[in-house]
Peer 1: 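What follows is a structure written as structure tokens; I'll ask about it next.
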2 protein chains.
Amino acid sequence: MKDSRPNFNSDDKDKSPADGSVKDGGYELKGRVWIEGPSGTFLGYGRAVLLERIREYGSISEAARSMGMSYRHAWELVDSMNREAKAPLVETATGGKGGGGARLTSDGEAAIESFWGLHARFKEFLKNEMENLII
Amino acid sequence: MKDSRPNFNSDDKDKSPADGSVKDGGYELKGRVWIEGPSGTFLGYGRAVLLERIREYGSISEAARSMGMSYRHAWELVDSMNREAKAPLVETATGGKGGGGARLTSDGEAAIESFWGLHARFKEFLKNEMENLII
DNA sequence: TTTCGATATATATTATTAAATACAACGATC
DNA sequence: GATCGTTGTATTTAATAATATATATCGAAA
């Protein structure tokens with residue numbers, strides 16, 4: 001059946017991989033998973049890394065610096081997580097020796113753990129799908 | 001072991017769900033998957049929907065309108081997909097009866113099919129994970 | 001040859017996000 | 001009480017993305 005509409009530039013060249021220039025591989029399956037709370041993102045990859053850095057450095061500002069992230073942004077993420085969570089994931093201190101600091105609560109530790117588990121299983125999923133992917 | 005650092009505002013109220021205000025459910029697992037080509041995104045959810053609309057309407061501009069998307073943006077997505085793909089997913093015509101139009105190639109049809117399959121299995125994955133999710 | 005609506009593209013404008021900067025408040029320690 | 005580096009926040013600036021506008025091009029059909 002011929003289409004009644006006019007000229008379609010059908011560009012149907014090199015479906016057969018005769019020359020070496022066929023884009024054969026080069027495709028990649030990517031994805032993201034995150035947990036959403038009542039009013040926005042609760043925990044995703046970047047937030048999980050941030051939590052780990054806070055645990056490592058004991059400071060939001062240092063954690064932010066280590067990730068090349070502005071303090072403000074890091075603080076907003078922490079604030080968002082704390083508001084979204086049932087109980088705060090990070091507890092902070094202002095003043096005192098060293099000016100203050102931040103540390104994870106046990107809920108914070110658990111949240112990281114839980115997310116990395118999810119993340120690992122997701123990577124596995126992508127790997128499997130990638131193997132069956134036909135493009 | 002008591003921490004030597006100063007005052008942590010530990011905010012440890014209502015871990016026990018005594019009052020009714022506990023944010024018990026309200027969490028949702030979300031995610032995205034997409035296929036990346038040699039130089040950027042190749043196919044994701046929005047692009048798959050766009051392809052379907054193009055099939056439905058036979059026109060990029062009408063497809064864009066139907067999605068509340070600017071023609072320019074839609075055109076850029078189509079252009080990107082065509083460049084990224086081994087062979088074009090959309091073929092276009094300018095001029096002629098009705099001014100021109102656009103339609104899917106067989107590769108375009110196959111790409112949609114393939115992506116929706118992936119998407120469905122991904123939704124299944126999220127559903128399973130959601131059931132085991134502890135926050 | 002003129003008309004038509006859509007493609008293909010450039011340019012300008014607006015809106016949204018992200019980043020940078022600044023600074024008051026804090027409280028244990030010296 | 002002075003000091004310290006951090007938290008917590010506001011304000012400003014820069015960067016990016018999204019949208020709007022404009023227009024040249026196309027070719028079948030009238």
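Every chain is numbered from 1, with letters handed out A, B, ... down the list of sequences.
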Peer 1: Using a heavy-atom cut-off of 4.0 Å across all strands, would you classify B/Ser61 as base, sugar-phosphate, or nothing?
Peer 2: sugar-phosphate

Peer 1: Looking just at side-chain N and O atoms, do A/Ser80 and A/Arg47 make a donor-acceptor pair shorter than 3.5 Å?
Peer 2: yes

Peer 1: From CE of A/Met67 over to C1' of C/dA19, roughly how many Å is that when rounded to an integer?
Peer 2: 16 Å

Peer 1: Side chain of B/Tyr71 only, please: which of C/dT7, D/dG8, C/dA10 is the nearest?
Peer 2: C/dT7

Peer 1: Ring centres of B/Tyr45 and B/Phe122 under 6.0 Å apart?
Peer 2: no

Peer 1: Relative to the 5' end of DNA chain D, which residue comes earlier, A/Val78 or A/Gly98, by the nucleotide with the nearest heavy atom?
Peer 2: A/Gly98

Peer 1: Verify the contact: side-chain N or O of A/Trp75 to OP1 or OP2 of D/dT7, cut-off strictly under 4.0 Å; return yes or no.
Peer 2: no

Peer 1: I want to verify a distance call: between C/dA20, D/dG8, D/dA20, whose nearest atom is closest to the B/Arg72 side chain?
Peer 2: D/dA20

Peer 1: Between the side chains of B/Trp116 and B/Glu52, is a donor N or O closer than 3.5 angstrom to an acceptor N or O?
Peer 2: yes

Peer 1: Hey, are A/Glu62 and A/Arg65 close enough for a salt bridge, meaning a charged N less than 4.0 Å from a carboxylate O?
Peer 2: yes

Peer 1: Does OP1 or OP2 of C/dG5 have a side-chain N or O of B/Ser59 closer than 4.0 Å?
Peer 2: no

Peer 1: Side chain of A/Ile60 only, heavy atoms from C-beta on: which candidate in D/dG8, D/dC26, C/dA6 is closest?
Peer 2: D/dG8

Peer 1: Just the rounded figure in Å: distance from C1' of C/dA19 to NE2 of A/His73.
Peer 2: 10 Å

Peer 1: Over how many whole Å does the gap from A/Glu91 atom CD to D/dT6 atom P extend?
Peer 2: 18 Å

